[in-house]
Amino acid sequence: MNFFGFFKHKKKKIEEREKLKQLLKEKYLYFQNILNENNHALSIMADLEEKLSGEYIFDIHYIQSNVEAVSKAVLEIIKNLNTLSDGKYSELEKIYAQIKEKIEKILTSKIEIPKTDFTLPIESLD
C-alpha cells in the first residue's frame, strides 16, 4: 500500500462509519416512534376503560373517535416496525385490516326491532 492508498482506505472507513451512524440514527427514530405511538394508544385505551367504569357519560361519537385514534396509532406502530425490520412483519398489515373491518362493523351496526303485535309505530301514539 502506498502513501496515498493509506488515506483512501482511511477515507473509505470514515464514510462507512458515517453511513452506519446514519442508519443507526434512523433505526433509533423508528423505534422512538413505535414507543410514542404505543404510549399514545395505551393512554387512549386507559381513558376508554375509565369511562366504562360507570361514572362518566359518553356517546357513540366519543367511542368512534377514540377507536379511530387507537387504530391510527396501531397502524403507525406496524409501519414503523416493518421499516425497522425490513418488512419482516408485513403480515401484520393484513391482520390489522381484518380487525379494523370487524370493529367498524360492530360500531356501525344498528339494532333491528322486529315488527310484532307488541310494537307500535311512534306515529300511532296520541
Side-chain angles (χ1 to χ4, degrees):
M1 181 186 313
N2 64 23
F3 182 70
F4 293 108
F6 174 75
F7 287 110
K8 282 183 183 178
H9 183 70
K10 192 82 162 164
K11 184 178 179 181
K12 207 178 232 185
K13 277 192 169 187
I14 291 171
E15 288 173 358
E16 287 176 9
R17 192 174 300 148
E18 288 301 317
K19 284 181 184 177
L20 286 174
K21 279 183 185 179
Q22 184 62 31
L23 181 64
L24 182 61
K25 191 176 188 178
E26 287 175 11
K27 295 225 179 222
Y28 178 75
L29 289 174
Y30 288 119
F31 182 70
Q32 284 293 104
N33 287 339
I34 289 171
L35 294 178
N36 290 336
E37 292 296 333
N38 186 58
N39 287 337
H40 180 63
L42 289 174
S43 71
I44 294 169
M45 287 187 260
D47 184 57
L48 283 166
E49 191 161 346
E50 183 181 347
K51 299 295 188 273
L52 285 173
S53 70
E55 296 178 18
Y56 299 93
I57 297 175
F58 56 90
D59 61 357
I60 190 69
H61 176 71
Y62 171 80
I63 294 171
Q64 289 171 333
S65 63
N66 280 295
V67 166
E68 184 63 29
V70 169
S71 179
K72 285 180 182 178
V74 169
L75 183 59
E76 284 302 310
I77 291 169
I78 292 169
K79 286 179 181 179
N80 283 296
L81 189 59
N82 274 321
T83 303
L84 191 62
S85 68
D86 296 325
K88 280 186 183 178
Y89 303 101
S90 59
E91 189 69 24
L92 286 177
E93 291 179 13
K94 294 175 192 169
I95 296 167
Y96 165 83
Q98 293 169 355
I99 293 170
K100 185 176 180 185
E101 184 179 328
K102 288 178 183 178
I103 291 171
E104 286 174 356
K105 280 183 183 177
I106 291 169
L107 289 177
T108 58
S109 66
K110 298 195 184 229
I111 299 172
E112 289 290 324
I113 301 174
K115 282 191 172 186
T116 66
D117 293 337
F118 300 110
T119 56
L120 298 172
I122 198 158
E123 296 85 23
S124 69
L125 300 175
D126 290 323

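Keep in mind that the numbers below use all heavy atoms, side chains included, and drop hydrogens, waters and symmetry copies.
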Validation row: Ile63, Val67 side chains within 4.5 angstrom (heavy atoms): yes

Residues Glu16, Lys13: salt bridge by 4.0 Å N-O rule: no

Side-chain heavy-atom pair Phe58, Leu48 within 4.5 angstrom cut-off: no

Residue Ile57 excluded, over 12 heavy atoms near CD1 under 6.0 Å: no

NZ-CD distance between Lys25 and Glu18, expressed to the nearest 0.5 angstrom: 10.0 Å

Lys27 atom NZ, over 12 foreign heavy atoms within 6.0 Å: yes

Sequence neighbours excluded - side-chain hydrogen bond (donor to acceptor under 3.5 Å, both in side chains) pairs with any residue from residues 29-41: none

Pairwise distance CD(Glu104) to OG(Ser71) - rounded to 0.5 angstrom: 7.0 Å

Non-neighbouring partners of Lys51 that pass side-chain hydrogen bond (donor to acceptor under 3.5 Å, both in side chains), sequence neighbours left out: Asp47

Candidate pair Phe31 and Leu35, rule side chain to side chain contact (heavy atoms under 4.5 Å, CB included), full reasoning: CA-CA 6 Å; Phe31 182 70; Leu35 294 178; 3.5 Å; yes

Neighbour count >12 (heavy atoms, 6.0 Å) for atom CD, Gln22: yes

Donor-acceptor pair, side chain of Asn82 and main chain of Tyr89, under 3.5 angstrom: yes

Salt bridge (Lys or Arg N to Asp or Glu O under 4.0 Å) between Glu101 and Lys105, worked out: CA-CA 6 Å; Glu101 184 179 328; Lys105 280 183 183 177; 3.7 Å; yes

Short side-chain to backbone donor-acceptor contact, Thr83 and Lys79, under 3.5 Å: yes

Lys100 vs Glu68 side-chain heavy atoms within contact, under 4.5 Å: yes

Shared hydrophobic cluster for Ile34 and Leu29 (ILVMFWY, side-chain gaps under 4.5 Å): no

Non-hydrogen atoms of Ala41 and Val70 that approach each other most closely: O-CG2, 4.1 Å

Single-linkage hydrophobic cluster Ile60~Tyr56, side-chain heavy atoms < 4.5 angstrom: no

Glu15 and Lys19 ion-paired at < 4.0 Å: no

ILVMFWY cluster, Tyr28 and Leu20 together (side-chain gap under 4.5 Å): no

Between CD1 on residue Ile78 and NZ on residue Lys94, distance to nearest 0.5 Å: 13.0 Å

